[in-house]
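Below, each value reflects all heavy atoms present in this structure, side chains not excepted, and no hydrogens, waters or symmetry copies. Quick note on labels: first sequence line is chain A, next is B, and so on, each numbered from 1.
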Protein chains: 2
Amino acid sequence: MDQPSLKAVLGQAQAFFASKGLRFTKQREAVTTLIFRTHEHFRPEELCERLRKSDSSASRATIYRTILHLVESGMLREISLGGGERLYDPNFLQSPHHNHLICVDCREIVEFEDPNLDIMQNCITRRMGFSPTEKALRIEGRCDRLRLLGTCKNMKSGKPKKRIGSKRV
Amino acid sequence: MDQPSLKAVLGQAQAFFASKGLRFTKQREAVTTLIFRTHEHFRPEELCERLRKSDSSASRATIYRTILHLVESGMLREISLGGGERLYDPNFLQSPHHNHLICVDCREIVEFEDPNLDIMQNCITRRMGFSPTEKALRIEGRCDRLRLLGTCKNMKSGKPKKRIGSKRV
DNA sequence: ACGAGATTGAGATGCAATATCATTCAGGGG
DNA sequence: CCCCTGAATGATATTGCATCTCAATCTCGT
Ligand SMILES: [Mn+2]
Ligand SMILES: [Mn+2]
Ligand SMILES: [Zn+2]
Ligand SMILES: [Zn+2]
């Protein structure tokens with residue numbers, strides 16, 4: 001899917017807030033902009049950090065509240081990567097069906113789509129007595145090849161970060 | 001795979017601790033027993049609760065430490081279900097390849113195995129430049145049919161619990 | 001200008017998980 | 001059997017993230 005402009009995204013957000021009788025305040029706009037300016041998965045606390053460094057500002061409470069609203073609007077989704085990490089994903093606007101492959105060592109994430117996998121996922125879901133959602137399938141793996149290519153983001157040091165519980169060491 | 005007896009499991013644990021020069025204390029034995037007596041996924045805090053109610057006892061610190069050891073031994077695995085929940089799974093001893101299907105509404109979990117899915121998972125993992133691990137694939141869905149049958153554990157009330165963040169309401 | 005209702009933000013609170021560290025324990029050498 | 005040493009434990013403090021509370025502020029329609 002093509003990349004919606006930030007302006008279009010803000011319009012969509014504004015429309016959603018309006019439809020709920022809510023205002024699109026400058027704080028909410030700032031948070032929305034920050035989220036959809038890049039296409040990165042993020043942690044709420046990270047977002048707070050980033051916003052604090054920027055010129056605009058909003059309290060932690062407002063940031064969390066805005067995130068919830070955006071999730072309700074369908075523009076943003078919560079994804080989970082294990083280890084108790086909670087991430088939000090602004091990319092479903094562009095690719096509504098994408099899934100995630102996560103490196104168990106360094107938590108590097110790669111997005112992918114695969115129609116055959118979608119079909120199989122639906123079959124299994126039904127077979128087990130569930131009904132499919134538009135949502136989430138997640139695969140774990142090891143980014144060995146990415147590491148060889150030196151494209152593995154979280155690994156400046158050469159060795160993957162091991163995890164003990166949720167802490168990287 | 002057949003169900004290993006609790007005695008066998010304790011033996012395996014003891015052997016692992018011994019191999020690391022660690023003792024298999026009564027606290028560690030109590031925790032291990034509690035974990036492998038049933039075959040339920042559990043949260044660490046739940047486990048603390050359960051242990052407190054039982055006759056034996058161990059401090060929270062010891063419980064968390066024992067869990068880490070068991071994970072290192074391969075007998076126990078951390079699985080993740082989204083929403084920042086961290087669960088541990090003692091069932092990989094019996095079915096080393098199983099995956100999880102989770103209901104987005106009520107968090108009900110069903111285990112399943114599917115060789116075809118495993119194959120496809122491996123293909124995708126490789127295609128994206130990762131190498132497969134023995135681990136985890138996770139699918140989300142809705143347990144509508146389970147709900148109709150009244151077998152959905154977490155739904156005494158008739159309506160699924162909605163989630164706002166990690167809190168059920 | 002006024003008032004109702006929405007919004008914000010500082011701080012308090014909750015909760016899981018981890019870190020600290022003084023005390024206890026177990027097991028081997030003398 | 002006693003002592004010593006390192007392993008193990010557990011009470012407590014601390015951290016990190018997320019949510020809650022509530023008084024103050026803002027917006028908009030009248
Ligand atoms: Mn994504
Ligand atoms: Mn399982
Ligand atoms: Zn990696
Ligand atoms: Zn359900």
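- Of the candidates dG9(C), dT9(D), dA17(C), dG9(C) carries the atom nearest the Ser59(A) side chain, counting heavy atoms from C-beta on.
- For Arg65(A) against dG9(C), a side-chain N or O and a base N or O form a donor-acceptor pair under 3.5 Å.
- Listed here is the closest heavy atom pair of Ser80(A) and Arg138(B): OG-NH1, 2.6 Å.
- Using a 4.0 Å cutoff on non-hydrogen atoms, the parts of residues 27-36 of chain A near DNA chain C are Gln27(A), Arg28(A), ordered by number.
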Hey, what are the protein-to-nucleotides 25-30 of chain D N/O distances that come in under 3.5 Å?
residue: dT27(D); atom: O4'; partner: Arg23(A); partner atom: NH1; Å: 3.2

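- Using a 3.5 Å distance cut-off with no hydrogens or angles, the side chains of His97(A) and Glu113(A) do not pair a donor with an acceptor.
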Before you tell me yes or no, could you show the steps for Asp89(A) and Arg77(A) under salt bridge (Lys or Arg N to Asp or Glu O under 4.0 Å), namely the whole-Å CA-CA distance, both residues' side-chain angles and the distance that decides it to 0.1 Å? CA-CA 5 Å; Asp89(A) 188 336; Arg77(A) 287 204 201 152; over 6 Å; no
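- Each salt bridge (Lys or Arg N to Asp or Glu O under 4.0 Å) pair with one or both residues in residues 16-37 of chain B, not counting sequence neighbours, appears once here: Lys20(B)-Glu72(B).
- The phosphate of dT8(C) (OP1 or OP2) has a side-chain N or O of Thr25(A) nearer than 4.0 angstrom.
- A close approach under 4.0 Å does not occur between any side-chain nitrogen or oxygen of Tyr64(B) and OP1 or OP2 of dT18(C).
- If you take CD1 of Ile67(B) and C1' of dA17(C), they are 11 Å apart, rounded to a whole angstrom.
- Atom CZ of Arg60(A) is separated from atom P of dT8(C) by 16 Å (rounded to the nearest Å).
- In this structure the side chain of Asn116(A) reaches within 4.5 angstrom of the side chain of Met120(B), judged on heavy atoms.
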